[in-house]
Amino acid sequence: MVFGMVALAWPLKPTQPRESRIKLMCLTLKGQPRDKTGLLGDAPARNRFMATNKKPGKWRKRTIAVRGGQVRSAFQETCEPLIFTAGYAYEAAEEAEARFKGESPGFQYSRISSPTVAMFEERMAQLEGAPIARATATGMAAVTAVFLAGLKTGDHVVSASALFGSCRYVLENVLPRFGITCTFVEGSDLDAWAAAMRPETKLLFVETPSNPTLAIVDIAAVAKIAESRGARLIVDNAFASPALQRPMEFGAHIVVHSSTKFIDGQGRALGGVILCQKDFLDENLNLFLRNTGPTISPFNAWLHLKSLETLELRMKQHCENALAIADFLGQQKKVTRVLYPFRPDHPQHNLARAQMDGGGGVVTFEVEGGKPAAFKLANALQLIDISNNLGDTKSLLTHPETTTHQKMTPEARAAAGVTSGLLRLSVGLEDTDDLCEDLEHALKVA
Ligand SMILES: Cc1ncc(COP(=O)(O)O)c(C=O)c1O
């Protein structure tokens with residue numbers, strides 16, 4: 001068999017063998033499409049379907065973001081191809097049988113995997129330093145799939161209480177239907193994590209930074225607690241993105257993403273990613289994903305794959321802008337609290353600096369006067385949009401209590417730190433002087 005693809009391992013975790021589906025994209029010589037057009041020419045067979053990965057294991061993060069996982073077709077396109085197909089043709093019935101047995105590389109059906117999706121997964125795996133990546137239709141599909149695939153009746157989850165509303169819904173309302181329980185703890189209280197562990201605890205869950213209060217959880221410490229009890233720690237890395245934080249470096253066992261956010265970065269397409277070790281894939285995830293089908297569209301995967309190429313540049317600017325806005329808000333009389341992980345007044349500032357490469361693109365703040373003042377401020381904005389999304393080039397303001405966290409009980413909202421005057425600002429890539437002028441004007445009205 002001849003494979004035209006060389007899988008890369010990002011040197012961060014050289015001990016973790018990567019199980020990449022990208023190799024499935026490589027056609028065997030026997031399986032190479034018949035060249036009816038002559039486009040394949042007389043190039044040596046190995047060059048007909050070469051990937052661009054020429055220095056396996058040697059690339060740095062920024063190069064990986066641009067080139068990791070790329071596989072070129074026989075056309076040698078420079079831009080990763082967007083391949084739309086539901087199914088795949090086999091040269092012979094024996095080949096179909098071998099592919100279903102897992103004995104022959106190649107795709108079977110796009111619910112299971114497809115070329116563009118596999119490229120996105122491979123690039124994400126390399127960026128996160130993870131052995132496995134699987135892309136899903138949304139971030140919530142990723143979160144839900146990990147819980148449903150990883151748990152059974154009688155199991156128990158421990159989760160930080162500062163959570164996005166939908167994550168909390170899954171833990172509080174979906175899992176109990178299957179006899180799975182969850183204990184919520186204050187994420188920064190390591191004793192509370194340890195005390196909540198039970199023999200049947202299988203998964204621990206944190207968002208760090210959390211939505212919307214930007215609480216930071218000590219990934220290494222919580223991973224150790226999980227490990228000591230034979231459980232796995234899941235980190236939702238949507239707010240940081242792999243450009244700012246790679247939880248597996250700190251011992252996280254599973255990472256989930258809403259790639260809808262900073263990975264897409266331009267508010268265009270939904271997507272999610274699960275990153276894990278091979279044992280979780282084999283024992284829990286693989287058959288679950290194949291058979292339940294939370295698959296991402298190749299188009300969305302292609303957008304997110306291409307977006308990864310500019311992720312680090314965008315995140316750098318998001319961080320710079322967000323810090324400037326946070327400092328500006330910190331000087332405003334009507335602002336009673338500013339939360340930004342890289343500001344010294346953030347309660348977990350040192351921890352944030354230890355496990356993140358930047359404070360992120362979101363600033364959360366509280367205005368005097370509760371909901372009426374928050375609404376007045378939002379309605380007075382002339383540049384920043386009111387939206388419940390985040391991670392866009394455009395600055396977006398959210399009132400979590402009445403939108404993203406509305407369906408939570410008042411107690412759960414309080415535990416998550418969501419108050420009536422709290423506003424979450426996803427700081428975009430506009431000029432910060434324009435953003436400050438807009439906020440200054442709106443604060444006068446609030
Ligand atoms: C921390 C976090 N996790 C998961 C999600 C869900 O992602 P999606 O909207 O792509 O389903 C969100 C969405 O805002 C989020 O903020």
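Just so you know, ligand 1 is whichever comes first in the structure, and atom 1 is the first atom listed for that ligand.
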### Message
Below 4.0 Å, non-hydrogen atoms only: which portion of E207 touches ligand 1? Side chain, backbone, both or neither.
### Response
side chain

### Query
Of all the non-hydrogen atoms in the protein, which one sits nearest to atom 10 (O) of ligand 1, and at what distance?
T260 OG1, 2.6 Å

### Query
Can N237 and Q245 be counted as having a side-chain donor-acceptor contact under 3.5 angstrom?
yes

### Query
If you draw the axis of the six-membered ring of F299, does the NZ or CZ of R268 fall within 45° of it and under 6.0 Å from the ring centre?
no

### Task
Examine F239 against ligand 1 and note whether any of their N/O atoms are separated by less than 3.5 Å.
no

### Query
Under 4.0 Å from any heavy atom of G271, which atoms of ligand 1 are there?
10 (O)

### Query
On the ring face of F342, is R353 found with NZ or CZ under 6.0 Å from the centre and within 45° of the axis?
yes

### Task
Enumerate the atoms of ligand 1 whose separation from the nearest heavy atom of M140 is less than 4.0 angstrom.
6 (C), 7 (O), 8 (P), 11 (O)

### Selection from N211, L390, D236, T136 by shortest heavy-atom distance to atom 2 (C) of ligand 1
D236

### Query
For ligand 1, which atoms, with element, lie under 4.0 Å from some heavy atom of G139?
7 (O), 8 (P), 10 (O), 11 (O)

### Task
Do me a favour and list the nearest non-hydrogen protein atom to atom 9 (O) of ligand 1 with residue, atom name and distance?
K261 NZ, 3.5 Å

### Summary
Smallest heavy-atom separation, Q355 atom then V217 atom, equals NE2-O, 2.6 Å

### Query
Between H318 and F262, what is the ring plane arrangement, given parallel below 30°, perpendicular above 60°, and tilted in between?
perpendicular

### Task
Would you check if the side chain of N388 reaches a backbone N or O of T404 as a donor-acceptor pair within less than 3.5 Å?
no

